[in-house]
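Below you'll find the structure, written out as structure tokens, and then a few comments.
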Amino acid sequence: MSGQTLFQKLWDAHVVHVEPDGTTLLYIDRHLVHEVTSPQAFEGLKLAHRKPRRTDAAIAVPDHNVPTTDRSQGIADPVSRLQVETLDANCAEFGITEFRMDDVRQGIVHVIGPEEGLTLPGMTVVCGDSHTSTHGAFGALAFGIGTSEVEHVLATQCLWQKPSKTMLVKVEGQLGKGVTAKDIALAVIGAIGTAGGTGYAIEFGGAAIRALSMEGRMTLCNMAIEAGARAGMVAVDATTIDYVKGRPYAPTGAAWDKAVAWWNTLHSDADASFDRVVELDAARIAPQVTWGTSPEMVTTVDGRVPDPADAPTPVKASDWARALEYMGLAAGIPITEIMVDKVFIGSCTNSRIEDLREAAAVAKGRKVAPNVKLAMVVPGSGLVKQQAEAEGLDKIFIEAGFEWREPGCSMCLAMNADRLEPGERCASTSNRNFEGRQGQGGRTHLVSPAMAAAAACAGHFVDVRDF
Amino acid sequence: MQAFTTLDGLVVPLDRANVDTDAIIPKQFLKSIKRAGFGPNLFDEWRYLDHGEPGMDPATRQPNPDFVLNFSRYKGASVLLVRENFGCGSSREHAPWALEDYGIRAIIAPSFADIFYNNCFKNGILPIVLDAATVDRLFRECEANEGYRLTIDLAQQTVTTPGGEVLKFEVDGGRKHRLLNGLDDIGLTLLQADRIRAYEERRKIEAPWLFA
């Protein structure tokens with residue numbers, strides 16, 4: 001018999017009941033809640049006179065709608081304000097811990113979970129948000145759910161699931177200087193496509209992954225959903241355990257020792273088999289830049305915008321042509337000739353302290369180019385902001401001409417006031433370049449934090465390796 | 001949840017791959033704390049020429065005459081025909097809510113994104129996977145024949161074309177049962193309360209830090 005994959009170990013530990021057809025009632029250890037996908041779930045509970053099964057397993061934070069400018073005035077948009085107030089009221093009514101907008105621990109739900117030790121190895125973690133895959137970086141089974149399932153988890157602490165297929169994305173070798181976890185993520189999506197991971201849980205492994213920090217692993221797992229996989233994960237190792245130790249919600253004393261003993265088993269066995277294996281050589285990955293309206297429409301910074309005539313299928317050819325029209329780009333132009341109007345450094349993909357350090361290292365001593373109307377840095381949480389300020393990163397950004405903002409999802413999806421105007425082009429460290437994602441008619445190019453900072457200072461994309 | 005048994009519906013063909021949930025219902029409409037009323041803003045950025053914001057009266061908007069949902073021949077459609085990887089991106093259940101509110105009860109595609117596919121079943125919408133060549137043929141038939149309808153039978157797992165061709169599709173047994181009967185998932189799960197409690201008691205000993 002062959003060994004078990006990490007996915008199988010995590011799955012087996014959470015099985016409550018299996019129906020004859022294999023449908024499994026899976027126990028959920030951690031439920032992260034935010035203001036956008038929870039109001040209808042709480043309303044459903046109330047209508048059915050149901051109570052949350054375990055309020056201690058849930059934690060809530062407003063992040064999508066919160067302003068990133070001065071918060072003393074509250075939220076100007078009354079619709080956004082009502083949604084945040086509704087979260088506050090629901091958490092108060094049901095007894096769920098919430099980090100409110102004025103709490104220093106407030107931030108993007110996928111940043112604060114790990115930061116507080118709310119996300120632990122071996123857990124099942126869910127949230128009404130597709131980027132929940134982020135938490136898989138801890139050797140956890142973490143995936144996004146819809147609002148009906150948010151209500152279901154609140155009421156039952158369980159979900160009905162069927163096991164995913166398993167995919168190993170193995171990245172061996174060493175990343176070059178200036179190449180980051182974001183570039184691995186985009187290179188993987190470029191290789192397998194945005195539907196390549198549909199039906200799979202992806203485990204990222206290999207020397208290049210082992211060498212990543214926890215923050216890099218979070219960036220990578222965050223974008224598993226952009227490859228179509230609901231869950232991405234990385235095996236537990238010393239890097240994982242060192243990161244978790246001492247976090248506010250992490251276990252201590254004897255419980256810590258017991259936890260670590262189990263966590264150390266959370267890796268795929270050497271003889272485990274996967275349904276699919278994809279291999280990449282880290283040394284061959286260059287800084288990535290998306291050129292279209294899907295994360296799979298990506299190339300290297302030294303590449304060119306492709307020609308739809310070269311697309312592999314007629315459906316893709318029409319997709320590419322439509323994307324180029326939307327993006328206002330001509331086939332064949334070098335990526336480095338694309339000028340940008342705005343720059344966004346932030347989002348659950350790239351707003352942690354290491355991301356800000358990488359961006360600041362590029363911005364230091366430089367100035368935002370005159371053609372760039374707005375370059376903004378939005379830390380992932382109040383604590384990330386505090387740490388960055390203690391290191392003087394805020395001053396570096398401000399001196400270079402960047403705006404230094406309050407934490408939240410911000411212009412990743414533009415639910416708050418931060419957005420692109422029609423036709424504006426943005427170098428963004430976020431995760432989706434869909435049409436209208438950052439504002440109707442806005443044009444998004446996904447890049448790493450260092451590449452975004454470099455684009456801000458040059459006014460166009462540049463290869464951060466030569467910058 | 002409303003049950004889905006059979007449907008004889010007008011088909012609207014949306015000839016795009018990788019349609020994401022941001023396109024199905026743009027972010028500004030996610031600020032609602034209600035479950036209903038998203039239909040007028042389904043595909044908002046493609047469907048209207050003006051920029052949509054919550055609270056606008058659809059009657060005052062400028063429809064985009066080039067967008068397929070606005071063609072008079074597709075008015076009242078309840079079957080949406082699309083290309084691969086439909087519903088990718090964000091987990092927002094507002095996407096199936098908007099489709100359902102508009103009147104879409106079945107979606108036919110070569111493939112769906114996982115979270116969206118799952119969300120459809122929670123909202124009385126049947127997502128049907130047919131192979132790409134078949135979907136391609138349905139696109140051609142639909143575009144060539146005004147008033148093109150398909151008959152869908154969930155119990156039999158069939159789609160029947162106007163020419164009488166019967167296409168079989170696969171669906172998970174549990175999902176099929178719940179959708180056919182319009183069953184509330186939570187009510188069913190709560191029948192397992194003893195098993196959930198037993199699991200929790202065991203885990204409290206094995207992994208006490210999860211219950212701190």
Side-chain angles (χ1 to χ4, degrees), chain A residues 16-17 19 21 23 25 27 29 36-37 39-40 43 48 50 56 64-65 77 79-80 82-83 86 120 122-123 128-130 144-149 151-152 155-158 160 162 194-195 198-199 228 230 251 255-256 258-259 262 294 315-316 319 322 413-415 432 434-437 440, chain B residues 1 15-18 20 22-23 26-28 30-35 45-46 51-52 54-55 83-85 88-94 96-97 111-116 118-119 122-123 132 172-174 184-187 189-190 192-193 195-196 198-200 203 206-212:
Chain A
V16 172
H17 170 66
E19 292 281 310
D21 73 344
T23 306
L25 192 61
Y27 195 80
D29 295 316
V36 181
T37 57
Q40 298 87 352
E43 187 187 50
R50 288 174 176 141
D56 65 308
H64 285 62
N65 280 277
D77 175 358
V79 195
S80 284
L82 176 63
Q83 198 164 52
T86 303
L120 296 173
M123 275 184 163
D129 192 286
S130 59
I145 56 178
T147 298
S148 293
E149 290 189 325
E151 183 181 342
H152 193 280
T156 69
Q157 210 54 45
C158 294
W160 291 102
K162 280 213 170 156
T194 53
T198 302
R230 286 178 80 181
W256 170 261
K258 192 173 163 102
W262 182 50
S294 162
V315 171
K316 281 216 189 300
D319 260 19
R322 177 190 296 284
L413 86 168
M415 270 189 85
R432 290 187 175 134
F434 299 157
E435 282 186 29
R437 171 80 177 180
Q440 187 167 21
Chain B
M1 184 184 80
D15 196 355
R16 297 194 192 200
N18 296 315
D20 57 76
D22 274 82
K27 84 283 278 161
Q28 62 269 35
L30 272 49
K31 296 176 187 179
S32 169
I33 56 170
K34 300 285 171 214
R35 217 177 171 111
E45 290 185 7
W46 294 344
H51 176 72
R83 300 288 185 179
E84 70 250 26
N85 198 28
C88 60
S90 155
S91 65
R92 58 189 71 166
E93 199 162 317
H94 312 68
W97 294 341
S111 61
F112 292 90
D114 284 342
I115 302 177
F116 175 83
N118 189 40
N119 282 340
K122 314 288 182 192
N123 292 283
D172 173 77
D184 169 7
D185 270 3
I186 296 176
T189 307
L190 289 174
Q192 307 285 340
R195 288 184 164 123
I196 299 172
Y199 174 88
E200 286 175 337
R203 277 309 263 178
E206 286 174 0
W209 64 89
L210 295 173
F211 296 83

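No hydrogens, no waters, no symmetry mates; every other heavy atom, side chains included, goes into these values. Quick note on labels: first sequence line is chain A, next is B, and so on, each numbered from 1.
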(request) With a 4.5 angstrom heavy-atom cut-off, could you sort out which part of A/Val315 is near chain B: side chain, backbone, both or neither? (result) side chain
(request) Check B/Ser32 against A/Pro39 and note the closest heavy-atom contact, atom names and distance. (result) O-CG, 4.5 Å
(request) Between chain B and each of A/Ser80, A/Ala48, A/Gly228, count heavy-atom pairs under 4.5 Å; write down the option with the most. (result) A/Ser80
(request) Sort A/Leu120 into side chain, backbone, both or neither according to what part of it lies under 4.5 angstrom from a heavy atom of chain B. (result) side chain
(request) Mind ranking A/Pro251, A/Ala259, A/Ala255 by heavy-atom pairs under 4.5 Å with chain B and telling me who comes out on top? (result) A/Ala259
(message) What I want to find out is whether B/Asp172 reaches A/Lys162 closely enough, with some N-O distance under 4.0 Å, to be called a salt bridge.
(response) yes
(message) When you compare the side chain of B/Lys27 with that of A/His64, does any pair of heavy atoms fall below 4.5 Å?
(response) no
(request) Select one option (side chain, backbone, both, neither) describing which atoms of A/Trp256 are under 4.5 Å from chain B's heavy atoms. (result) neither
(request) Grab the two heavy atoms, one from B/Arg203 and one from A/Trp262, that are nearest each other, plus how far apart they are. (result) NH2-CH2, 3.5 Å
(message) Less than 4.5 Å to any heavy atom of chain A: does that hold for the side chain of B/Glu206, its backbone, both, or neither?
(response) backbone
(request) Pick one of side chain, backbone, both or neither for B/Ala23, based on which atoms fall under 4.5 Å of a heavy atom in chain A. (result) neither
(request) Flag the pair A/Asp319 and B/Arg83 as a salt bridge only when some basic side-chain nitrogen lies within less than 4.0 angstrom of an acidic carboxylate oxygen. (result) no
(request) With a 4.5 angstrom heavy-atom cut-off, could you sort out which part of B/Thr189 is near chain A: side chain, backbone, both or neither? (result) both
(request) Step by step, work out the side-chain contact (heavy atoms from CB on, under 4.5 Å) result for B/Glu93 and A/Gln40. (result) CA-CA 10 Å; B/Glu93 199 162 317; A/Gln40 298 87 352; over 6 Å; no
(message) Let's test your reading of the structure: which of A/Gly199, A/Gly146, A/Cys158 forms the most heavy-atom pairs below 4.5 Å with chain B?
(response) A/Gly146
(message) Between A/Glu149, A/Met123, A/Gln157, who has the most heavy-atom pairs with chain B when the cutoff is under 4.5 Å?
(response) A/Glu149
(request) Could you pull out the closest heavy-atom pair between B/Phe112 and A/Thr198, with the gap in Å? (result) O-CG2, 3.5 Å
(request) Determine the minimum heavy-atom distance between A/Gln440 and B/Glu45, stating which atoms define it. (result) NE2-CG, 3.5 Å
(message) If I compare all heavy atoms of A/Gly144 with all of B/Ile115, which pair ends up nearest, and what's the gap?
(response) O-CD1, 3.7 Å
(request) First locate atom CD of A/Glu43, then atom NZ of B/Lys34, and finally report the distance between them rounded to the nearest 0.5 Å. (result) 4.5 Å
(message) Under a 3.5 Å cutoff, is there a donor and acceptor pairing between the side chains of B/Trp46 and A/Glu435?
(response) yes
(message) I'd like to check B/Arg92 versus A/Leu413 (side-chain heavy atoms, cut-off strictly below 4.5 Å). Are they in contact?
(response) yes
(request) Could you look at A/Thr23 and say if it's the side chain, the backbone, both or neither that has a heavy atom under 4.5 Å from chain B? (result) side chain
(message) How long is the straight-line distance from CD of B/Gln192 back to OG1 of A/Thr156, given to the nearest 0.5 Å?
(response) 10.5 Å
(request) Sort B/Asn119 into side chain, backbone, both or neither according to what part of it lies under 4.5 angstrom from a heavy atom of chain A. (result) side chain
(message) With no hydrogens and no angle check, just 3.5 Å: does a side-chain donor-acceptor pair link B/Ser90 and A/Arg437?
(response) no
(request) Pick whichever of B/Gln28, B/Glu200, B/Met1 has the most heavy-atom pairs under 4.5 Å with chain A. (result) B/Glu200
(message) Is A/Thr147 close to chain B through its backbone or its side chain, or both, or neither, when contacts mean heavy atoms under 4.5 Å?
(response) both
(request) Answer with side chain, backbone, both or neither: which region of A/Glu19 has an atom nearer than 4.5 Å to a non-hydrogen atom of chain B? (result) side chain
(request) Could you check which of B/Gly173, B/Gly89, B/Ser111 has the highest count of heavy-atom pairs closer than 4.5 Å to chain A? (result) B/Gly89
(request) With rounding to the nearest 0.5 Å, note down the distance linking CG in B/Asp184 to OG in A/Ser148. (result) 9.5 Å
(request) Please flag which part of A/Leu25 lies under 4.5 Å from any non-hydrogen atom of chain B: side chain, backbone, both or neither. (result) side chain
(request) Heavy-atom pairs under 4.5 Å with chain A are the metric here; pick the option from B/Asp185, B/Asp15, B/Asn85 that has the most. (result) B/Asn85
(request) Hey, could you give me the NE2/NZ distance between A/His152 and B/Lys122, rounded to the nearest 0.5 Å? (result) 6.5 Å
(request) Starting at CZ of A/Arg432, measure out to CG of B/Asp20 and round the result to the nearest 0.5 Å. (result) 8.0 Å
(message) For B/Ser91 versus A/Ser130, what's the shortest heavy-atom pair and its separation?
(response) OG-N, 3.3 Å
(message) Report which part of B/Phe116 has an atom under 4.5 Å of a heavy atom belonging to chain A: side chain, backbone, both, or neither.
(response) neither
(message) How long is the straight-line distance from CZ of A/Arg50 back to CG of B/Leu190, given to the nearest 0.5 Å?
(response) 5.5 Å
